[in-house]
Amino acid sequence: QSGKEETPPPGGTDGKVKIYYMQKQGTQDYFLGEAKGAKDKAAALGIELVMVDLGNDTSKTLDAINTAAAQKANGIIIVVPDPSVGPAVVQAAKDKGIHLLTTDDQICVDKPKPADCSPDKIVPRIGFSGTQMGTEVGKKAAELYKAAGWSPAETAIIAAWKQDVTVCTDRVKAALPAFKAAGGPDLKLIEVGTDNTPPDAQTKVAATVTANRAVKNWIVWGCNDENVTGGVTALENAGYKVENIIGVGINGDLACKAWSAGKATGTKASLWLAGHEVGSLAVQSMYDKIKNNKDFEREAYAKTTMVTPDSYKAAGLTC
Amino acid sequence: MNRVQNLSLIGALAGVLAVFGILNDQYLSLSNLAVIGQAVTIAGLLAVVQTAVIICGGIDISVGSQAGLAAVVSSMVFAWTGDGLANGNAFAAIGVAIVVGAAGGVVNGVIIVYGRVNAIIATLAMLAAYKGIAQLISGGRAQGYLLTNDLFIFIARGSVLGVPAMIWILGIVALLVHLLLKTTDIGRNMYAIGGNAVAARLAGININKYIISVYMLVGAVAALAGIILAARSTAGHPTAGSEGLELKAITAAFLGGCAIAGGKGSIGGTLLAVTLLGALEIGLTVVGVNPFWQNVAQGALLVVAVVIQQRRTGDRAVGLPG
Amino acid sequence: MNRVQNLSLIGALAGVLAVFGILNDQYLSLSNLAVIGQAVTIAGLLAVVQTAVIICGGIDISVGSQAGLAAVVSSMVFAWTGDGLANGNAFAAIGVAIVVGAAGGVVNGVIIVYGRVNAIIATLAMLAAYKGIAQLISGGRAQGYLLTNDLFIFIARGSVLGVPAMIWILGIVALLVHLLLKTTDIGRNMYAIGGNAVAARLAGININKYIISVYMLVGAVAALAGIILAARSTAGHPTAGSEGLELKAITAAFLGGCAIAGGKGSIGGTLLAVTLLGALEIGLTVVGVNPFWQNVAQGALLVVAVVIQQRRTGDRAVGLPG
Amino acid sequence: MLGVAHLSKRFDPVQALDDVTLDFPGGTVTALLGENGAGKSTLVRIIDGEHLPDTGQVLLDGQPVGLHSPRDARRHGIRVIPQEPEIVPHVSVAENVYIGALSKGFLFHGASLRKRVEQHIARLGFERMLRPDTLGRDLTPAQRQLVEILRALTTPAKVIAFDEPTSSLSEHEVTALFTLIRRLRDEGLAIIYVSHRLAEIFQIADRIAVLRDGKVAGVVAAQETTERAVVSMMVGRDLTTMFARDHVATTEPVLEVDEVNGISLTVHAGEVVALAGLVGAGRSEFCRALAGDLPIRGGSIKVDGQPVTIKHPWHAIRAGIVYAPEERKAQALLLGRPVRDNIVLAVLNRLRRWRFVRRRDESELARHFVNRLNVRTPTVGQLVSKLSGGNQQKVVLARWLARQPRLLILDEPTRGIDVGAKAEIYQIIAGLARDGMGILVVSSELPEVLGLADRIAVMKDGRVTGVLGRAEASEEAILSLAMGES
Ligand SMILES: Nc1ncnc2c1ncn2[C@@H]1O[C@H](COP(=O)(O)OP(=O)(O)OP(=O)(O)O)[C@@H](O)[C@H]1O
Ligand SMILES: Nc1ncnc2c1ncn2[C@@H]1O[C@H](COP(=O)(O)OP(=O)(O)OP(=O)(O)O)[C@@H](O)[C@H]1O
Ligand SMILES: [Mg+2]
Ligand SMILES: [Mg+2]
């Protein structure tokens, strides 16, 4: 076979619902929450759910879809390791006649970059995109910056992320325009490449500070709390006071620890993503599709909250 | 010895298939076996050439990066020869990627032979370097879109006689390398070089040429693996091969009976080992084992498999095994 | 030979310091030198014990996972003995983590010695297994919050006589291992075991005991590294040590003069090598080199350093270097 | 036919060859003699293209040939059997023999190769010693040497250089080898033959060239000289006695072995017992069992009348049994370490305070043994790999003497060692016996066995087939027990 043959669309079900949920970086806190939400919902609905961790391996994605097909799964929910694998995922699911829903990251039916995709070709999705997250971060940073009353000449921004992870890049790149749109001035921006772990972020930011001793106040954002915590810690170690640091994280998992412990920290806010709800909603939507043939919504958003040391408890973030 | 090794691998594989076959009624279905086959293709290609280089007394840790580089290069050439994203010339894309891979292999070989650098250090260094080059030329982003092309679609999804194209590629490469090793003077000389480099040199074998050639072979096949990676994932991503592929390939080679000092190993053993690892991985996923347990299980089973293998040969437990 | 090696490392280090010192006037400032020192501490600790185990003819690829496991264990013990998140007993946390680390090392050693499993395969397998265990017990989540405790704060940020506490820890461990290797009969026997295991056995050395003990030492020190990692990142994350730390440690050991076959190497050389790698990494970051270039530069410089080293010794370029 | 002109080669600080000019005519066996370190192997390696000379050249039929690698030497029809056999461990003997000489292309065929090698083995009369399917790593040192010899026969050659081909062979194989060498000579080949066994030289050589300290000390026709004259040419002085026999064996048993692995044997204080036998007779195996390195099956062992259990080499050492193995480099020496570390390896536990090795005592002890055994080394800090074979052997001896053992087991103690060093080692052995030590020597060289031993136990197929006293011992008696023709 040349690989281009079409298979008939999905048939009815024998009543048994089997869903595969595939996640990139399944060992990260956010995705663990999402997995938990999915499992709880699946248990409540009494359906079979198989979780698969794809790591960052695009090739494993296709293996996992093939496995799901061989296992006669009815539906696949997926967070792709990289959006470029999207068309292959769509094609594979179509070949095998399996319903496809994505969470968190968008994929396109026929383009490797969702940004180039015509809206009707975007696969139905639940969650919050990297660009949306970055926008929230930029907005919050601008708000905190204005409240701090720093002079633009003495302030710089550190953006720390693993530069070959596309969704991280999307988040970070969206933050700056949002910062400016929310009234932030033109500040010196220093991009720092890390491997997305706190120790590495700390090392790299420490070195960056060396080269920028003149800066008095720092804004730190990045791909996630790991980068921001590492960066903020490096600044604190280098002698900067917490008042001179504005760290805005994503996910809240590490920020919340420092806040709970009652320590003053330069991490002033973090965008809490309720992974649990995304997972739960995704499983419910897939169930409705399989059982009742109810169409997916094109875009369903889950709740995200920008939390601060004062608000995180009320928002329901625990750690 | 080698037979014992292969027999215990077959035993372990049969055990894995049986256990998961009982736990899941779809596991032994033809379509799932094809999935296992596809899942092991990339690691299998790298393990096959890794076996060849380990037999020569070397090792290549940079294979994963080389595959990633080839993934990017092939997609970029495809994009350039086309409309900037897709619809390019697949043969040019594949050809350039394989030439770049072979050239990378030669660089590895030259560093090792003429630079007198230990193969582990040299290829560790090149692991970083090739990854960096792939990231640089691609800007860290996925490149091109390959699924507009029939050839790439065939590589990614086609099949012949019901067997997926990827598995055919692995089978053909493995067969060729097997024949090279077992039936040609070149292969026998490779065993001699790895077994005792001084003996080989005194026998008039041009060791340098062999070492550089085998690294070139590794580079070319790693590039082939990278092209398949790109075709499967529709686009070439610079970190495509970096998720521990080299460790998988090396693990399979050793598990399949290669000796770290060289001069020992077979393609059959390596393929068995890589299939065992793949069957295990898919099995654990199918049964829905939590990924954390999968790590523990894979590590533990690898140890158990090798221990059983070793017990069979009845070595004494003194010092470090060779 | 060893002296030549160390001299060329010192030369390379001086070169790196000079180049970056010229490019950036803050690079040679005391505070930046402290940053370099801190950046190399974790890899340095692992490299020091890696040197010990390579001298014995072994290798330990699982050090990164072991560090990650210790990071999780120490933070969890700290959380349990406290209020569930923080404010626990730091001594209990550190003690339990080190005991767990040492036990893990013993498991590695036993698998290698009594299971007759090649050290590379055994520790590769345990790399996956320890990572899985760390993820399992932590549920994959970062654990505890250590910076409520003075001891952990001291480890992470404290300094004595202007030198960061972390660097003191590395210095003390390195000195102890150095003394062990160079001045005790234990160290002598380790060199003997790695240099010629048969001769060592015939000389009455209990090789098994030595191998298991050295892996135990590796486990304990890797645990120490993990505790420092946890303290630095404020919480213990199960994958804390897995980002290529083992490769860094092994690279440093080989670059510092260890031989893959064992019996050769020194702590001084390893520390120089690890410092060289750290100075380079920080230098590239300070100068603002894009991380993709950093990969290329690090790989290339590693090759160049080793090639120069080898050229000095004047080996002929035939076959694989030892 | 083959000649070398003005060859010099320096390995700092040693001038291994110093302006050597020699010729090796076709149809002649030229023996190359000299003490350890005289430069014989260096000369042979230059002819093999393995070393490049600093100055001078190699001439073939009067024409200079550029030899840059062993490959070039092969192309010019030069074959060398190196001093240390180089064996590929994981392939068969057959492939080891044909290494580098397989026909090109997809022609490799195991069975036919095996048959060809079997024929070669039969032609040389080595059938009992060597099978074509055995894996390289399972070969004993003697078998390794046979493989090296067989290699030289696979490709047509004009010149063959044998660098100590018989150092681990016993009488029977030596005879077969000599038949072969004579045939090759009669076919017109130039043969270079290096050996430390003088008796052999006079059996096989037509001409004798002697090297001393890297220079040619003389070239003589074999018929026109005597052993004594050659030896004095080699060492630069007269060597009066090889074997010093002033020790007297007592009746006090040091070692009593009763049915251990089917062998019973007693060694008395002050006695030298030799174990003789053909290649693979099981002598080394028995000794390694006594040393705790191989499992002991059944029987009992007593040292000085006290029963001992030996499960690990450490048990043997503690009981006073020490073993110097037959393969110096592979089994005894730490090649990357200095002489000092090699000597003190087995006595570190006596040289330490707390766990710190006392540097001064260590060096003193090493120096003491270097002086006592006359080890030629600039300092005790010299890397042991830089010493010549004889001196390396003395370092191994020193290691064990430092333990002051009751029973010293020496497996092929003079393998590849020159006459001068040999005489010294014999004297050391005699001196140790005089001091009351029991000594068990494994040797494949009959004159050595006869000259050294008070009693000779002859082994065949893992059994002792007879014990000969001094009076009844002769080469014929030993050989007939060893070959089982009694
Ligand atoms: N690769 C080398 N590196 C350094 N020194 C060497 C090397 N090879 C030989 N030598 C030295 O050169 C000298 C001559 O050595 P060579 O091996 O030629 O002696 P030989 O006559 O063959 O001795 P033997 O009878 O012990 O084999 C010795 O002092 C030896 O230590
Ligand atoms: N490592 C080994 N593996 C397999 N067989 C072995 C091994 N070592 C020895 N043997 C076999 O055991 C038998 C006895 O060998 P041993 O070395 O004791 O003989 P030997 O009398 O010392 O002869 P040699 O002159 O060869 O040293 C031989 O048949 C030999 O092939
Ligand atoms: Mg010699
Ligand atoms: Mg023997």
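Residue numbering restarts at 1 for every chain, and letters A, B, ... go by the order of the sequence lines.
For the residue pair B/Gly204 and D/Arg71, the shortest heavy atom distance occurs at O-NH1, 2.7 Å. The shortest heavy-atom contact between D/Pro89 and B/Gly195 is CD-O, 3.1 Å.
Heavy-atom pairs under 4.5 Å with chain D peak, among B/Val198, B/Asn196, B/Asn189, at B/Asn196. Chain B forms the most heavy-atom pairs under 4.5 Å with one residue out of D/Arg151, D/Arg74, D/Glu148, and that residue is D/Arg74. With chain B as the partner, the residue from D/Asn96, D/Val80, D/Asp72, D/Ile87 showing the most heavy-atom pairs under 4.5 Å is D/Ile87.
Rounding to the nearest 0.5 Å gives a distance of 4.5 Å between CD1 of D/Ile99 and CD1 of B/Ile205. Taken from CZ in D/Arg79 to CG in B/Leu202, the straight-line distance is 9.0 Å, to the nearest 0.5 Å.
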(message) I'd like to know whether D/Glu50 forms a side chain to side chain contact (heavy atoms under 4.5 Å, CB included) with B/Arg201, so could you lay out the CA-CA distance, the side-chain angles of the two residues, the decisive distance to 0.1 Å, and finally the verdict.
(response) CA-CA 9 Å; D/Glu50 171 76 344; B/Arg201 189 177 66 228; 2.4 Å; yes
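Without hydrogens or angle criteria, B/Arg188 side chain to D/Val91 main chain gives no donor-acceptor distance under 3.5 Å.
For D/Pro82, the part lying near chain B is the side chain, with the backbone staying farther off; criterion is any non-hydrogen pair under 4.5 Å.
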